[in-house]
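I have placed the structure first, in the form of structure tokens, so that the comments after it can refer back to it.
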Amino acid sequence: MLDDETMDVAESDDPGDKDLLCLAATDVDRETLYESVTSIKNKAIGSNPKKTMYIERDIITRLEQVLLRPDIENRLVVETVIALGTFAFGNESHVNALLERGHVIIPLLLKGLCDVEMSVVGACLHSLNAIYQNERKGLPVHWIYENPDVLPTLLDIVKRKDGDDRHFRRRRETFRMVEHAVNVLTFTCRSPDHQVTLVAYGIIDVIAPLLASSHERFQLASLKCLASIATFNQETSSAIAQSFYCCRSIHDIVANDLLSRGKDEMIQLWAAKCLSYLSRTGALQLSEKITINVIDTFARICMPGHSKGMKAEAATSLAYFIEDSPDLQQMASTCQGLIKVIAKFFADGDVKLKRSGFLLLSSLATRHEHIRRKISDIAGLSEHLCASLEESRFQSQLPALKCLLTLSRSVKQLRSGLKSPDIARKVLALLSNKDDDESVLSLASAVMCNFLLEFSPSKQEMHREGIINVLVKLATCNDHVDAAVKINAIWGLMNMSYESSEQVRLDIISALGVDGLLGLLQNSNKIVLAKSLGLTRNLLTDPTEEMLSQELKGREEDLMKVLMLCLKRTKMMMGLQQQTSPS
Amino acid sequence: MDYLVTEGFKEAAQKFAEETGLEWGAESEASGLDERLRARAAVQSGDIDEAIKLLNAFDPSILDSQRKLNFCLMQQKLIELIRSGNLEEAVDFAARELANLGEENPEFLNDFERTMALMAFENPEESPFGDLLRETQRQKVANQLNGAMLESQGMKPSKLGNIMKLLFWSQAELTAASRGAKKTVGKFPIMTDVARATFSDDSSMDT
């Protein structure tokens, strides 16, 4: 930290120090202050070492204090705001340093949006865009929605698209401001409440002219905005599907103009994404022609010749679009040799590409056996799955588990492509780690259920590796946030015990204990109860003398009482009663 | 007109507009022609700091988001320091700025090493890397700067430039097809002189 009281400007040789001292001084003249801030800005832009050096010398607070000076002139505001915004382009520590003062800086930038001077508005939008385009989760956005002036101001800026100003240089600045304003609205739309609020403020009508404009940057920004409003939200998607501009529906503009092959591929990608969101939420029924175009667009962008980011985006979007529809899965599997194209994702080694590749394979393999067969022919798929399961981040584990889950639904795949014990061991390792994310445990336990089916070659191996104890722990733990973990664990034990040997059943009863079994049978969750009854049935089918004399001795009455209680529950479904009936 | 404005030939564009009656003011202002000309002139005169100032005033997000251009400008600044004989300052600058860029972007390391190698020679102009000290290197950086400034305005490379690229590409493809084993393409006219737009009927000639 600089010691402002002892450092003498004249003695310091580092011009960076002089610039910083000027910021702190209260008696420096305007011109010197302006030049210092401009110098800091020009040195920091594009240079991470300089950003680090300035942050170590508390530059964020100093720039913030410059902004808070009374009677600050506009050109100084512009330079200071731009200087602050450049730290948002730096590395993680730079962004963190900026956001530590975010509770002061962001409201100041939002206040600047209402300034009469366009250059100030432009600078504030530039820096807000830089801050919010960061992919970092948890960036505060509440100021955008809590202050009733912010959204109307941003939307008014977007409406300036055509520019009232005849001065062309200003028109160029207006273009940039409009684009940044749309981007800020896009990046700060993080929840269903935000989506509904934006639609209530009329955002669809405001961005519609941008969709229909001739400027590709406007088209792209407005498509991204539309996508953020429509994602996973049936209400807002319906609002978009029912909106019109110049007698054409918004979705018609997107499907027939922006999805066309003559457009830049990034625009085609986002047009396809928008249409896929509108279709998946049920807001819009796409024609067969448009559906084929959407799938073809995604598949084409997955092909070599595109950036890794675009390929990953296209693959993830296509995975989402087809995941619920066997017909679309069939269509996609034959489009542009998709499975062979996805196989190249794994050879590349890029983490995001691998994740998106697994997600897409998972969707493709959901229903059709012949597609699963083609996928299992991908060279080295097992090794790639194992490698992803071993990674420490759940973002890599989840897509691999999803892919495994859909593949393992196939008897043939369990007995061929997935018969390697390594994969099952990796899944077991995930289940054994109590620190794992709940979504990982949920998926891993579902995959394990399939690996423990009667005809699975992995069943015996898992028994030797101690899967029973792992599943019993998960089944009897009541701390799970996701109920699926408990359900899958019991299901796994149920599969394990089905027509199994005496030793397996003894091991399960020994690990679970009669009290543990009785506890499961008294659970209030209907699905837990159903699977527990199934487990009990499997365990007690043709009980051997050893089982009766050792594990169950003296507990027969308790067991019968609980089973009778289950039968007596009047609201039980037929399926449960079938499970309860003694075999 | 699109080519002249995009590539920054302001006087030629003005003259062209006068002679043809075309309007050009709006397009040139929208593309930031004056700013681009000043920034290019700064690069071509070797004043990289001035070019960076002008670029940041034009669009402050360019250098932060375009690593390649940022590296090229830093590399050119290093070259200018070597050209002027300030080797100590050059080494210090390389250690402070370029080394970090090279670490973060390994694809720049080769160019970084070539530039640093200039300092090992008494007459760097005569070294194997002497091309870095020629005017063509400044021109190359100036063109990249121009392209980045155009892209930031949503403008694309000149249509004429694209057409010429397509022309040469398609001629090469047709030539390869006509000489291939299957000879799927017969004779076709080839543009042999682009400046005069003269064609040859004999496509068996080398282009």
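A note on names: the letters A, B, ... follow the listed sequences, proteins ahead of strands, and every chain is numbered from 1.
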* **Atom pair CG/CG of B:Asn100 and A:Asn91 - distance to nearest 0.5 Å** => 8.5 Å

* Using a cut-off of 6.0 Å, state whether more than 12 heavy atoms not belonging to A:Lys263 lie near its atom NZ. => yes

* Structure fact -> Turns out that what part of A:Ile82 lies under 4.5 Å from chain B's heavy atoms comes down to side chain

* Under 6.0 Å from the CD atom of B:Glu88, do we count more than 12 heavy atoms belonging to anything else shown? -> no

* Sort out for me which residue in B:Leu63, B:Asn56, B:Leu55 forms a side-chain contact (heavy atoms from CB on, under 4.5 Å) with A:Asn42. => B:Asn56

* To do: Against chain A, label B:Asp49 side chain, backbone, both or neither, depending on which of its atoms sit under 4.5 Å from a heavy atom there.
  => neither

* Nearest 0.5 Å please: distance from the OG atom of B:Ser61 over to the NE2 atom of A:His180. => 5.5 Å

* Identify the heavy atoms of A:Lys50 and B:Arg96 that sit nearest to each other, and give their distance. => NZ-NH1, 3.5 Å

* Asked: In this structure, are over 12 heavy atoms from other groups packed under 6.0 Å from B:Glu11 atom CD?
  -> no

* Asked: At a heavy-atom separation under 4.5 Å, does B:Glu103 approach chain A through its side chain, its backbone, both, or neither?
  -> neither

* **Residue selection (most heavy-atom pairs with chain B, distance under 4.5 Å) from A:Asn129, A:Asn48, A:Leu220** => A:Asn48

* To do: Identify whether NZ of Lys or CZ of Arg in B:Arg67 sits under 6.0 Å from the centre of the six-membered ring of A:Phe89 and within 45° of that ring's axis.
  => no

* To do: Examine whether an atom of A:His126 lies under 4.5 Å from a heavy atom of chain B, and if so say whether it belongs to the side chain, the backbone or both; otherwise answer neither.
  => side chain

* Do you know which two heavy atoms are closest between B:Asp64 and A:Gly46, and how far apart they sit? -> OD1-N, 2.8 Å

* **Student check: side-chain heavy atoms of A:Lys41 and B:Pro60 closer than 4.5 Å** => no

* Asked: What option among B:Asp59, B:Leu73, B:Leu69 has the most heavy-atom pairs under 4.5 Å with chain A?
  -> B:Asp59

* Portion of B:Gln66 that has a non-hydrogen atom of chain A nearer than 4.5 angstrom -> neither

